[in-house]
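This structure is a prediction, so every number in the text was calculated from the model and none was measured.
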Amino acid sequence: MEAIMPFMWIIIMFAIFYFLLIRPQQKRQKQVKQMQDNLEKGNDIITIGGLHAKIHALDEGTIVLITQEGTKLTYDRNAIREVKQD
């Protein structure tokens, strides 16, 4: 029984590590991927740099954004932090 206890502690520590750190991060990554896959032309978005703009055009890896002043900017799809809900 004494030989099994160190292995039990390792298993318990791994389980705690998994449920407190790994699983929530995987959930967050899945939500971000889903949000980025569901982007559509005309969505109001915020980039990871804080730019507020509207999606003008979409490509597989890039997005063309248009600002209020009419400036068109090309960003990587991964640079989108959130879609604004108005």
Following the transitive rule for hydrophobic clusters with a side-chain heavy-atom cut-off under 4.5 Å over Ile, Leu, Val, Met, Phe, Trp and Tyr, establish whether [X] and [Y] coincide in one cluster.
X	Y	answer
Met8	Ile10	no
Ile16	Phe14	no
Leu20	Ile12	yes
Ile45	Leu73	yes
Val64	Leu51	no

Taking all non-hydrogen atoms of both residues, which atom of [X] and which atom of [Y] are closest, and how far apart?
X	Y	answer
Ile80	Met35	O-CE, 3.6 Å
Leu58	Lys41	CD1-N, 3.8 Å
Ala53	Leu65	CB-CB, 3.9 Å

*asked:* Within the 4.5 Å heavy-atom criterion, are His52 and Asp44 side-chain neighbours or not?
replied: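 His52 does not reach Asp44 side chain to side chain.
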*Kindly indicate whether the side chain of Asn78, heavy atoms from C-beta on, has any atom under 4.5 Å from the side chain of Gln36.*
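A side-chain contact under 4.5 Å exists here.
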Pairwise distance [atom1]([X]) to [atom2]([Y]) - rounded to 0.5 angstrom:
X	Y	atom1	atom2	answer
Lys27	Ile22	NZ	CD1	15.0 Å
Ile66	Thr71	CD1	OG1	8.0 Å
Gln34	Leu39	CD	CG	11.0 Å
Arg81	Ile46	CZ	CD1	5.0 Å

*Just wondering, are more than 12 heavy atoms of other shown residues or ligands nearer than 6.0 Å to CD in Gln29?*
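Yes, enclosed.
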_Check: Arg77 side chain, Asp59 main-chain N or O, donor-acceptor pair, under 3.5 Å_ =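 Confirmed, Arg77 side chain pairs with Asp59 backbone.
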